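What follows is a single structure, written as structure tokens, with notes after it.
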Amino acid sequence: MTVRLRYAPSPTGHLHIGGARTALFNYLYARHCGGAFILRIEDTDIDRHVDAAAEEFAQNLRWLGIEWDEGVFQGGPHAPYSCMERLPIYARYVQELKDKGLAYECFCTEDELAEAANAQVQAGEMPHYSGRCRHLSESERDAFRAQGRTPTIRLRVPDAHTVTFTDLVRGPLSFDSRSTGGDYRIVKSNGIPVYNFAVVVDDHLMEITHVIRGEEHISNTPRQLYVYEAFGWEAPRFGHVSLILGENGKKLSKRDESIVQFIEQYKELGYLPQAIFNFLALLGWSPEGEQELLGHDELIQQFDLNRLSKSGAYFDAAKLSWMNAQYLRAHDLDDLAGLAKPYLMRCVETAPWTKADSWQRELVALYQDQLTCLSELPEAARAFLSVDVEWSSEARACLRTETGALVAGQFTEMLRQLSDPITPDSARELLKSLGQKTGTKGKDLYFPVRAIATGELHGKDLNRTLALLGHSLLYARAQAALAFVSESE
RNA sequence: GGCCCCAUGGUCAAGCGGUUAAGACACCUCCCUUUCACGGAGGGAACAGGGGUUCGAAUCCCCUUGGGGUCACCA
């Protein structure tokens with residue numbers, strides 16, 4: 001039997017890290033087994049439906065490197081792949097259940113239900129449906145209809161019935177129907193089935209063999225199992241993965257702003273999809289060896305269900321940053337320069353020279369080993385991205401010292417006489433003779449030069465920095481530096 | 001509150017009856033370097049508590065405590 005897994009999000013917002021991780025685990029296992037991965041959209045909630053959401057999911061999933069064999073925007077033998085296109089299918093199965101006497105119309109109002117639930121809570125019981133509409137006669141139903149009440153449909157859940165399943169990550173789990181809420185609604189009053197019913201029909205029809213999902217679905221499982229039982233279908237294997245926790249130790253809420261949690265945002269921040277792919281795989285799963293930097297194919301090869309973690313995991317943004325930095329450093333420079341281009345082009349107003357691809361490439365090369373994500377580049381390299389620099393107080397102090405002023409003056413003079421463009425090699429020669437002329441070396445020599453060039457005392461390799469800055473910009477800065485030093489004295 | 005899940009350093013985690021209790025991130029120290037960063041070498045830091053079972057328990061069982069999930073015409 002071929003293994004078939006799916007990711008079935010609800011199109012109500014953006015793809016977030018929890019969802020991406022669920023998709024990833026399902027994808028990884030499907031690929032590991034040589035099976036199929038399906039993308040299905042559970043859009044039964046028409047009120048919360050967001051139009052562009054499904055498309056955005058698809059784009060972000062692809063960006064991450066997750067491809068699906070069947071599903072929305074792709075097609076396949078079990079099309080259609082979104083609930084709202086499958087309504088007639090559900091209707092058939094609901095009818096089957098009604099015919100078998102396993103589902104019935106319920107005319108209770110929300111108020112009536114709430115009242116009953118309150119009373120049960122008061123009595124210390126689990127709120128459960130009383131079964132009031134279980135045995136309505138045809139005439140009673142007509143009477144309700146005459147009052148203008150539109151029914152919902154409930155599944156008859158056996159009393160005192162225990163369902164058991166072996167969770168792929170947690171082992172045997174069992175639930176008593178007395179604690180799962182009783183007969184529950186499978187069709188809303190608008191005629192659209194409820195998630196817990198639609199997924200079962202879909203998973204069955206699409207021959208899903210394994211369902212890996214978040215721990216918050218554990219309590220949904222018995223309800224879904226009732227549906228499988230009602231139809232006499234074999235249920236897939238379920239695996240409930242631990243939750244990703246926010247800073248407060250609770251399940252990551254989409255409204256939680258303490259961490260960046262949407263894939264779209266990481267994309268904008270200049271994270272590499274490979275790094276996120278790798279990081280997400282390690283959140284709730286661990287490989288056998290000690291290697292943590294694992295690529296797409298390695299992950300597929302190594303992924304297995306036995307090593308999923310049972311306890312929740314805090315999202316460690318610092319580790320993601322570290323991992324992204326690792327991927328950044330290993331990334332092909334030309335490709336990286338292309339990825340960095342959008343960030344650099346934002347600075348083109350203040351620094352027209354950024355337009356040159358070769359210049360960008362050198363700049364990216366200079367900072368490649370320092371960045372955590374690409375969006376940091378403009379700030380890290382700010383001395384390169386505008387004509388004027390902010391002189392740090394350290395830099396000012398340095399230029400006001402006796403040797404600082406001496407070196408600055410000589411350097412400016414050398415710049416004035418210089419006509420050739422500066423290269424890293426010529427910069428080295430230049431500094432060498434500057435040292436000889438001023439009788440300085442080490443920090444006495446390099447700090448003032450760097451201060452003039454960048455406004456800072458610290459930075460990347462000085463020779464390359466000078467070359468990349470270029471002669472005219474350097475000379476302008478040298479003059480500006482000299483001006484403020486003399487005027488403040 | 002009912003039902004359910006979980007519990008190893010600050011964080012992610014290995015471990016599945018016998019280990020000096022891995023490794024990674026973060027932190028600290030040192031080295032490298034004109035500086036910053038990178039890199040390299042070190043360091044501090046954990047089995048929630050209490051009972052059992054066993055020759056032996058981080059590993060198995062029970063209780064307590066703590067944390068979490070879920071109780072929708074949301075998924």
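Just so it is clear: chains get the letters A, B, ... in the order the sequence lines come, proteins before strands, and each one is counted from 1. All values reported here derive from a predicted model rather than from experimental measurement.
- Applying the side chain to side chain donor-acceptor pair (under 3.5 Å) criterion to A/E379, with sequence neighbours excluded, gives A/R382.
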Distances for protein N/O vs nucleotides 22-29 of chain B N/O pairs under 3.5 angstrom?
residue, atom, partner, partner atom, Å
B/A22, O2', A/E290, OE2, 3.3
B/G23, O4', A/E290, OE2, 3.4
B/A24, O4', A/E292, OE1, 3.0
B/A24, O2', A/E292, OE1, 2.6
B/A24, O2', A/K319, NZ, 3.1
B/A24, N3, A/K319, NZ, 3.2
B/C25, OP1, A/W322, NE1, 3.4
B/C25, O2', A/K319, N, 3.4

What are the atom names and distances for every N/O pair under 3.5 Å that joins the protein to nucleotides 63-72 of chain B?
residue, atom, partner, partner atom, Å
B/G68, OP1, A/K250, NZ, 3.0
B/G69, OP1, A/K251, N, 3.2
B/U70, OP1, A/K251, NZ, 2.9
B/U70, O2', A/S219, OG, 3.2

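- A/R307 has no side-chain polar atom (N or O) that falls below the 4.0 Å cut-off from OP1 or OP2 of B/A14.
- Taking the six-membered ring for Trp and the full ring otherwise, A/F25 and A/F303 have centroids separated by under 6.0 Å.
- Side-chain N/O atoms of A/D256 and A/S258 include a donor and acceptor closer than 3.5 Å.
- Using C1' as the reference atom, B/A48 and B/G43 are 26 Å apart when rounded to the nearest Å.
- Sorted by first and then second residue, the side chain to side chain donor-acceptor pair (under 3.5 Å) pairs with a member in residues 239-248 of chain A read A/D167-A/H240, A/R213-A/H240, A/T221-A/H240; sequence neighbours excluded.
- A/E85 meets the side chain to side chain donor-acceptor pair (under 3.5 Å) test with A/S82; sequence neighbours excluded.
- Applying the side chain to side chain donor-acceptor pair (under 3.5 Å) rule to A/R237 yields no partners; only residues at least two apart in sequence or on another chain are considered.
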Pair up each side-chain donor or acceptor in residues 188-200 of chain A with any protein partner under 3.5 Å, not counting sequence neighbours, and list the distances.
residue, atom, partner, partner atom, Å
A/K188, NZ, A/T44, O, 2.9
A/N190, OD1, A/I192, N, 2.9
A/N196, OD1, A/Q224, NE2, 2.8

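- For A/D369, the salt bridge (Lys or Arg N to Asp or Glu O under 4.0 Å) partners two or more places apart in sequence, or in a different chain, are A/K460.
- Residues satisfying the salt bridge (Lys or Arg N to Asp or Glu O under 4.0 Å) criterion with A/D51, sequence neighbours excluded, are absent altogether.
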Can you name the atoms? Protein N/O to nucleotides 40-46 of chain B N/O, anything below 3.5 Å, with the distance.
none

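- Where pairing requires Watson-Crick or G-U contacts shorter than 3.5 Å, the helical stems of RNA chain B with at least three consecutive pairs are B:1-7 with B:65-71, B:10-12 with B:23-25, B:27-31 with B:39-43, B:48-52 with B:60-64.
- Residues forming a salt bridge (Lys or Arg N to Asp or Glu O under 4.0 Å) with A/K319 (at least two apart in sequence, or on another chain): A/E292.
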